[in-house]
Amino acid sequence: MTLARAVKVCRPASLQSEYSMMWRAPEAQIMPFLEREGIGFVPFSPLGKGFLMGTITASTELAENDFRRAVPRFEKANLEANERLVAAVRELAEEKNTAPLADRARLDPRSRAVDRADSQHDEARAAA
């Protein structure tokens with residue numbers, strides 16, 4: 001069922017979808033539709049499922065049961081290219097004399113800026 005058909009059946013208050021610097025696909029069709037319909041958008045994984053936290057690198061080995069193994073950006077061939085993108089963000093932050101949001105979140109104990117996937121990754125790493 002498409003979102004347009006779903007709206008006719010039961011109008012949602014909001015739609016949740018992944019959205020970050022690493023995944024901007026909702027901008028093409030989903031966000032314009034939601035804006036026209038007056039429906040809210042709730043992003044998840046704003047830190048790119050670990051990439052923008054700096055916890056994922058080209059040498060990262062994901063656990064066998066980690067769902068990210070099925071996501072193309074986490075395939076070995078793509079990890080290195082994505083790591084370069086994260087380095088560019090960090091470099092830009094340094095030029096602006098600031099830190100990426102991820103670094104500030106890690107330093108601020110009141111912050112809740114870690115998505116569920118990042119937390120699971122940290123737990124899996126700690127258990128290893």
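We count residues from 1, following the sequence as given.
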Calculate, to the nearest 0.5 Å, the distance between atoms [atom1] and [atom2] belonging to [X] and [Y] respectively.
| X | Y | atom1 | atom2 | result |
| --- | --- | --- | --- | --- |
| Phe67 | Leu62 | CZ | CG | 9.5 Å |
| Glu64 | Arg69 | CD | CZ | 4.0 Å |
| Ser14 | Ile39 | OG | CD1 | 9.0 Å |
| Phe74 | Asp66 | CZ | CG | 7.5 Å |
| Lys8 | Leu3 | NZ | CG | 11.5 Å |

(request) Over all heavy atoms of both residues, which pair between Phe44 and Lys49 is shortest? Give the atoms and the distance, please. (result)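 For Phe44 and Lys49, the tightest heavy-atom pair comes out as CE1-NZ, 3.6 Å.
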(message) Can you confirm whether Ile30 sits close enough to Leu15 that some side-chain heavy atom of one is under 4.5 Å from a side-chain heavy atom of the other?
(response) yes
(request) Taking the side chain as every heavy atom from C-beta outward, state whether Ile56 and Arg68 have any pair of such atoms under 4.5 Å apart. (result) yes
(request) Determine, using the 4.5 Å side-chain heavy-atom cutoff (strictly less than), whether Val86 and Val71 are members of one ILVMFWY cluster. (result)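 Val86 clusters together with Val71.
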(message) If you count heavy atoms of other groups shown closer than 6.0 angstrom to CD of Glu27, is the number above 12?
(response)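 Yes, enclosed.
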(request) Can you tell me which residue pairs pass the side chain to side chain donor-acceptor pair (under 3.5 Å) test with a partner in residues 74-84, sequence neighbours excluded? (result)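 As it turns out, the side chain to side chain donor-acceptor pair (under 3.5 Å) pairs with a partner in residues 74-84, which skip direct neighbours, are Glu61-Lys76.
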(request) Apply side-chain contact (heavy atoms from CB on, under 4.5 Å) to the pair Leu85 and Val89, showing each step before the final yes or no. (result) CA-CA 6 Å; Leu85 292 173; Val89 170; 5.9 Å; no
(message) Quick one: does any side-chain atom of Ser45 pair with a main-chain N or O of Gly48 as donor and acceptor, under 3.5 Å?
(response)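 No; zero donor-acceptor contacts below 3.5 Å.
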Using the test side-chain contact (heavy atoms from CB on, under 4.5 Å), find all partners of [X] that sit at least two apart in sequence or belong to another chain.
| X | value |
| --- | --- |
| Glu35 | none |
| Ala13 | none |
| Pro32 | Arg36 |
| Glu95 | Glu91, Leu92 |

(request) Apply side chain to side chain donor-acceptor pair (under 3.5 Å) to Ser59 and list each qualifying residue two or more places apart in sequence or on a separate chain. (result) Thr57
(message) Could you work out, with ring pair (Phe, Tyr, Trp, His ring centres under 6.0 Å) as the rule, every residue matching Phe41, not counting sequence neighbours?
(response)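 By the ring pair (Phe, Tyr, Trp, His ring centres under 6.0 Å) rule, Phe41 matches Tyr19.
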